[in-house]
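Chain letters run A, B, ... following the sequence lines, proteins first, then strands; residues in each count from 1.
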Amino acid sequence: MTTEISPEPASKTTTMTDAVTSTGSKVTRVLGALSLVSIALLLAFGLLVSPPEIAQGDSVRLFYIHVPSAIVCLYIAFSITLVGSIIYLRNQSTFWDLMAGAAAEVGVVFLGFTLVTGMLWGKPTWGTYWTWDPRLTSTAVSFVLYLGYLAVRRLDMDPVARSKRAAILGIISFANLIIIRYSVAWWRSLHQGQTLDPRDTQLDNTMLFSFVLGVLALTMTFAWLVIHRFRIAWLEHQLEAQQLELAIAERTSQGPTGLAHGGA
Amino acid sequence: MIEHARLIAAKDLKIEWSSRVLTAQVIPFGVLVLVLFGFGIPPDRRVLASEGGASRSLLEQASPGLFWLAVLFSLLLALNRSFAVEAADGNLDALRLAGFDPAGVFLGKSGAIVCELLVLELVVGTGAFLLYGPPLHDALQLCAVVVTTTLAMSFAGTLYGALGAGLRLRDTLVPLLVLPVLAPVLLAATRATESALFGPSSEGWAWVGFLGAFALLYLGAGILSFGSLLEES
Amino acid sequence: MSKPVVRLRGVVSLIGRFPALAGADFAVSEGEVVLLQGPNGAGKSTLLRVCAGLASVHNGTGEVFGFDLTTRSGQREVRRRVGLLSHATALYDELTVEDNVRFWAAAANADVGAADAAMDRLGVGGRLRSIRVAGLSAGQRRRTSLAVLVARRPMLWLLDEPHAGLDAEGRDLIDELVHQAVGQGATAIVASHELDRVDSLATRTVHVVGGQAMEVRGPGQAGAG
């Protein structure tokens with residue numbers, strides 16, 4: 001899977017980040033190029049090649065980016081956050097802590113994108129931006145849910161304690177994601193007949209291809225962004241570790257071992 | 001664990017009792033919210049009740065949701081209060097030093113919140129009946145809804161309150177974390193209360209089941225995670 | 001030599017991203033009363049918090065009563081056995097003196113009798129018992145949190161500037177309490193600027209500078225060279 005691409009030999013050990021000037025690498029450059037090409041293709045297919053749909057007309061074209069971005073954030077991004085959080089709680093792996101954060105951060109951007117495209121789709125389809133459609137409603141709540149997760153990651157507190165709190169939150173948030181989606185769906189299904197559903201759309205082959213292309217393009221874009229975001233976080237982490245070493249050395253030099261004796 | 005929970009709960013309730021924050025501030029706040037809803041939703045506006053041709057006032061129709069919203073806002077105050085007393089003057093460190101079982105602390109703190117919420121719901125609920133005047137179709141179901149919702153809100157609230165414990169940003173962070181999480185609870189409690197008040201009861205019991213499951217889930221999550229939350233500073 | 005109580009080797013402990021302790025070596029044996037000395041910001045309080053199992057050990061190794069300070073379960077065992085008097089008094093303002101002392105004592109499995117005796121001993125029994133902590137003076141608050149410590153009967157006393165804010169009688173009382181506890185087999189580490197006072201109390205003095213600990217010549221015992 002594209003999302004499993006790991007950064008440079010995940011150098012947990014010693015390699016310091018002396019001459020790093022960019023977070024790019026061969027893998028990300030290829031991935032970035034592929035993402036851009038596939039998005040260009042998606043635009044061509046989504047806007048020009050594929051025909052309008054019978055019932056929805058041209059608004060079906062939003063569907064080629066709306067559903068893929070929902071799939072990417074809800075199924076891929078927050079699953080990575082969940083897995084990363086679990087692994088972090090088990091073995092305090094900085095790699096997975098930062099990966100969980102990076103995935104959630106990019107995931108929230110995709111979730112916001114899903115919300116906006118969903119509302120844009122709603123306007124021509126239902127005549128209004130907001131209809132309390134179960135999926136849209138639960139997406140909005142989930143958006144705030146993960147904003148909270150990101151807020152905890154940014155707290156100014158002891159880094160280890162913060163990572164631990166974030167990991168616990170990353171796990172519970174995923175459970176909440178599921179609870180919110182199902183409870184809202186249940187609520188709406190009890191009180192309304194079926195509304196017009198994006199999933200009922202009738203697709204011919206070009207349309208189906210455009211959709212698959214959309215999933216591919218957005219997944220690659222997601223992976224590309226996450227890898228870069230992760231590497232930035234990783235470099236920050238390395239930098240902090242270096243600064244800490246310096247701070248310890250400086251403090252040691254003020255102490256008795258630094259002044260009087262040579263060693264410990 | 002149970003003994004520690006009892007100690008913590010008794011301590012929290014004693015603090016509430018002697019400071020009167022609950023009775024003098026939180027409960028009046030809840031009642032005030034009910035009154036303010038009356039300003040936001042025109043009390044004279046009437047809607048057609050779903051079955052038959054009888055009409056209800058809009059406020060009456062919306063009363064379950066408004067009541068639970070008032071409770072939810074009051075819960076935020078109670079949570080803030082519950083963790084503010086621990087944040088003062090090194091008390092969090094003292095709790096760690098005292099050798100408390102973290103699960104006991106979770107049960108104790110959420111237990112105290114349950115008691116406070118039940119008192120609050122009694123007063124605010126009476127207020128809602130008086131102000132909005134809804135009928136009561138199934139009293140037993142209403143009790144079940146109140147109990148399960150209170151447990152669900154208290155367990156989840158305590159867990160998220162501890163996430164913000166000891167932080168300067170607690171006041172704003174905890175509501176941001178708690179509200180989306182409790183959105184399904186608000187939804188379920190409102191639907192279940194609607195069927196307890198207006199009937200028919202059948203649909204309400206399903207939501208009560210959902211609330212009970214939610215409470216159990218957070219009971220487990222709190223017992224498991226409170227150690228990590230409390231013991232790191 | 002008697003049993004080791006505290007043994008720290010190269011301990012680094014952080015406050016946020018600041019290394020409050022930067023490679024501290026520190027050892028205390030049973031029955032000792034160790035005086036920690038050093039300028040403000042040298043790391044005395046953090047050293048006490050590490051010994052209490054509260055501040056985490058970022059680097060190095062540490063043991064208290066044989067429990068590993070680098071693990072959470074070890075820290076938990078340590079916390080149960082120590083009493084820390086810090087700058088914060090750790091009392092609930094809305095509760096009375098009696099409620100506070102009894103709550104913390106009960107948490108540590110001490111009985112009500114011990115709590116009551118401790119309150120009387122510290123001079124916060126009698127009329128003061130039923131007064132809310134919010135209404136106490138700073139010195140009385142300090143006495144109340146000392147009463148909590150006494151009621152818990154810890155095996156290791158960690159006192160951070162215990163004399164601050166107390167009257168002459170209260171200061172004498174602290175010395176007396178430490179003496180008595182050590183006589184009953186406890187150990188004490190005291191951080192203080194009041195040298196003349198603690199000199200008579202301490203068996204050994206340790207200098208804390210720049211996040212490290214260094215032995216100095218103490219009364220009755222030669223320091224490490």
Side-chain angles (χ1 to χ4, degrees), chain A residues 78 82 85-86 88-90 92 97 108 111 115 132 134 137-192, chain B residues 50 65 92 96 152 155-156 159-170 172-192 194-195 200 202-204 206-207 209-211 213-218 220-222 224-233:
Chain A
F78 299 139
L82 170 74
S85 302
I86 293 173
Y88 177 77
L89 280 186
R90 280 175 162 250
Q92 271 74 50
D97 175 41
V108 164
L111 196 56
L115 260 183
W132 298 100
T137 309
S138 59
T139 304
V141 179
S142 315
F143 184 66
V144 185
L145 186 73
Y146 276 90
L147 280 186
Y149 171 79
L150 293 183
V152 167
R153 291 201 71 94
R154 273 198 303 273
L155 286 175
D156 181 24
M157 61 184 284
D158 178 61
V160 176
R162 181 183 56 205
S163 296
K164 206 163 262 186
R165 287 188 191 194
I168 291 172
L169 197 57
I171 296 171
I172 309 176
S173 294
F174 196 79
N176 280 315
L177 194 69
I178 297 169
I179 295 174
I180 291 169
R181 285 190 90 68
Y182 281 95
S183 63
V184 173
W186 189 16
W187 163 50
R188 295 309 290 175
S189 70
L190 285 171
H191 283 259
Q192 273 196 342
Chain B
S50 40
L92 225 46
R96 295 181 187 122
F155 291 147
L159 178 53
Y160 282 89
L163 263 169
L167 299 175
R168 271 178 294 114
L169 290 177
R170 188 192 62 229
T172 46
L173 180 70
V174 171
L176 174 69
L177 296 177
V178 165
L179 288 180
V181 171
L182 288 184
V185 172
L186 180 70
L187 186 63
T190 304
R191 297 308 127 191
E194 270 173 5
S195 73
S202 52
E203 189 190 304
W207 287 113
F210 170 82
L211 289 165
F214 189 97
L216 276 180
L217 178 76
Y218 269 92
L224 286 179
S225 66
F226 232 58
S228 307
L229 289 179
L230 271 193
E231 298 197 359
E232 307 280 334
S233 51

For [X], is it the side chain, the backbone, both, or neither that has a heavy atom closer than 4.5 Å to a heavy atom of chain A?
X: B/Leu224; answer: neither
X: B/Leu179; answer: neither
X: B/Leu163; answer: both
X: B/Ala188; answer: neither

At what distance, to the nearest 0.5 angstrom, does [atom1] of [X] lie from [atom2] of [Y]?
X: A/Ile168; Y: B/Ser228; atom1: CD1; atom2: OG; result: 4.5 Å
X: B/Leu211; Y: B/Leu216; atom1: CG; atom2: CG; result: 11.5 Å
X: B/Leu182; Y: B/Tyr160; atom1: CG; atom2: OH; result: 8.5 Å
X: A/Thr139; Y: A/Arg181; atom1: OG1; atom2: CZ; result: 4.5 Å
X: B/Phe155; Y: B/Leu217; atom1: CZ; atom2: CG; result: 11.5 Å

| request: Could you check which of A/Leu155, A/Val152, A/Val184, A/Leu89 has the highest count of heavy-atom pairs closer than 4.5 Å to chain B? | output: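 The option with the most such pairs is A/Leu155.
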| Any B/Val181 side-chain heavy atom under 4.5 Å of B/Tyr218 side chain |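 Touching, per the 4.5 Å side-chain cut-off.
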| message | Looking at chain A, which one of B/Val185, B/Leu177, B/Leu159 has the largest number of heavy-atom pairs inside 4.5 Å, strictly under? | response |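 Ranked by contacts with chain A, first place is B/Leu177.
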| Among the listed options B/Ala213, B/Ala156, B/Ala165, the residue most often paired with chain A at heavy-atom distances under 4.5 Å |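 Most heavy-atom pairs under 4.5 Å with chain A: B/Ala165.
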| Parallel under 30°, tilted from 30 to 60°, perpendicular over 60°: which one fits the rings of B/Phe210 and B/Trp207? |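 The rings of B/Phe210 and B/Trp207 stand perpendicular, inter-plane angle above 60°.
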| B/Arg170 side chain vs B/Gly164 backbone, donor-acceptor pair below 3.5 Å |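 Here the side-chain-to-backbone pair does not exist.
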| Are any side-chain N or O atoms of B/Arg96 and backbone N or O atoms of B/Leu230, one a donor and one an acceptor, separated by less than 3.5 Å? |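 Yes; judged by distance alone, with no hydrogens or angles, the pair exists.
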| task | Can you check whether anything in residues 171-179 of chain A gets within less than 4.5 Å of chain B, heavy-atom wise, and list it by number? | result |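 Near chain B, by residue number: A/Ile172, A/Asn176, A/Ile179.
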| With only heavy atoms counted, which part of A/Leu145 is less than 4.5 Å from chain B, the side chain, the backbone, both or neither? |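 Answer is both: backbone and side chain atoms of A/Leu145 are under 4.5 Å from chain B.
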| message | Salt bridge check, A/Asp97 against A/Arg153: does any charged N sit closer than 4.0 Å to a carboxylate O? | response |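 Salt bridge present between A/Arg153 and A/Asp97.
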